[in-house]
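Everything on this sheet refers to the single structure shown next.
As the structure is a computational prediction, the values presented were derived from the model and not from experiment.
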Amino acid sequence: DVSCRRRGGGLVPVGSSLRLSCAASGRTFSNYDMGWFRQAPGKDREFVGAARWGGGTTWYGDSVKGRSTIARDDAKNTVILQTNNVKDEDTAVYYCALRHVIRGSQLPVEEQIDYWGQGTLVTVSS
């Protein structure tokens with residue numbers, strides 16, 4: 001089994017910064033891209049951001065582009081997402097996601113994900 005130990009989330013004031021980290025365990029994650037998806041109430045799950053295994057490439061969803069930074073530590077199987085100037089629409093359940101590099105080299109899509117972490121709820125408070 002794969003598990004993600006999450007840090008961050010909970011209640012976040014509007015306009016502040018959100019920082020989520022995920023450390024994957026349970027197997028070796030060489031050759032896996034790591035990132036985040038989220039699902040807001042009543043909406044489909046959407047891509048937030050991801051980082052390519054080995055570094056060099058990051059992707060961001062349109063809803064967070066310009067406000068978010070994603071980074072990973074391959075040695076620790078960890079991925080960190082920071083989103084600044086959070087908005088009400090950032091309220092969602094956030095999921096850590098892993099995709100094997102063989103599945104593609106472009107922005108990850110839900111159908112390509114090999115492993116999902118347990119979701120963590122982020123609520124932006126006005």
Is there a donor-acceptor contact under 3.5 Å from the side chain of [X] to the main chain of [Y]?
X	Y	value
Gln82	Thr69	no
Arg99	Gly104	yes
Ser68	Lys65	no

One pair to check against side chain to side chain contact (heavy atoms under 4.5 Å, CB included): Val122 and Leu20. What are the steps and the verdict? CA-CA 10 Å; Val122 173; Leu20 295 173; 4.2 Å; yes

If hydrophobic residues (ILVMFWY) are linked whenever their side-chain heavy atoms come closer than 4.5 Å, directly or via other members, who joins Ile102 in its cluster? none

Heavy-atom pair of closest approach, residues [X] and [Y]:
X	Y	result
Ser17	Val12	O-CG1, 3.9 Å
Gly117	Tyr95	O-CD2, 3.6 Å
Pro13	Val86	O-CG2, 3.2 Å

Exercise answer: donor-acceptor pairs, residues 39-49 side-chain atoms, under 3.5 Å, sequence neighbours excluded:
{"residue": "Gln39", "atom": "NE2", "partner": "Lys43", "partner atom": "O", "Å": "3.0"}
{"residue": "Arg45", "atom": "NE", "partner": "Glu110", "partner atom": "OE2", "Å": "3.1"}
{"residue": "Arg45", "atom": "NH2", "partner": "Glu110", "partner atom": "OE2", "Å": "3.1"}
{"residue": "Glu46", "atom": "OE2", "partner": "Arg38", "partner atom": "NE", "Å": "2.6"}
{"residue": "Glu46", "atom": "OE2", "partner": "Arg38", "partner atom": "NH2", "Å": "3.0"}

Give every residue pair that meets the ring pair (Phe, Tyr, Trp, His ring centres under 6.0 Å) criterion with at least one member in residues 53-72, sequence neighbours excluded.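 For residues 53-72, and leaving out neighbouring residues, there are no ring pair (Phe, Tyr, Trp, His ring centres under 6.0 Å) pairs at all.
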
Working to the nearest 0.5 angstrom, can you tell me the gap between [X] [atom1] and [Y] [atom2]?
X	Y	atom1	atom2	value
His100	Asn31	NE2	CG	4.5 Å
Leu98	Met34	CG	CE	4.5 Å
Ile70	Thr57	CD1	OG1	12.5 Å
Ser21	Trp36	OG	CH2	6.5 Å
Asp74	Ser30	CG	OG	8.0 Å
Ser63	Glu89	OG	CD	8.5 Å

Side chain to side chain donor-acceptor pair (under 3.5 Å) for Asp88 and Ser126? Distances and angles first, verdict last. CA-CA 7 Å; Asp88 289 339; Ser126 301; 3.1 Å; yes

Carboxylate-amine/guanidinium proximity below 4.0 Å for Asp33 and Arg52: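 The answer is yes: the pair qualifies as a salt bridge.
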
Would you please classify the geometry between the Tyr32 ring and the Tyr115 ring as parallel, tilted or perpendicular, with 30° and 60° separating the classes?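 Because their plane-to-plane angle lies in the 30° to 60° range, the rings of Tyr115 and Tyr32 count as tilted.
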
Going by atom types only, do Thr83 and Asp90 share a side-chain donor-acceptor pair under 3.5 Å?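 There is no such pair between these side chains.
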
If we ignore angles and hydrogens, is there a donor and acceptor under 3.5 Å between the side chains of Asp73 and Thr78? no

ILVMFWY network linking Val101 to Val79, side-chain heavy atoms under 4.5 angstrom: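 Not linked; separate clusters.
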
Using the rule that two of Ile, Leu, Val, Met, Phe, Trp, Tyr join whenever any of their side-chain heavy atoms come within less than 4.5 Å, decide whether Tyr94 and Val109 are in one cluster. no

Check the pair Asp114 / Arg103 against side chain to side chain contact (heavy atoms under 4.5 Å, CB included), numbers first and verdict last. CA-CA 9 Å; Asp114 293 286; Arg103 303 200 186 285; 2.5 Å; yes

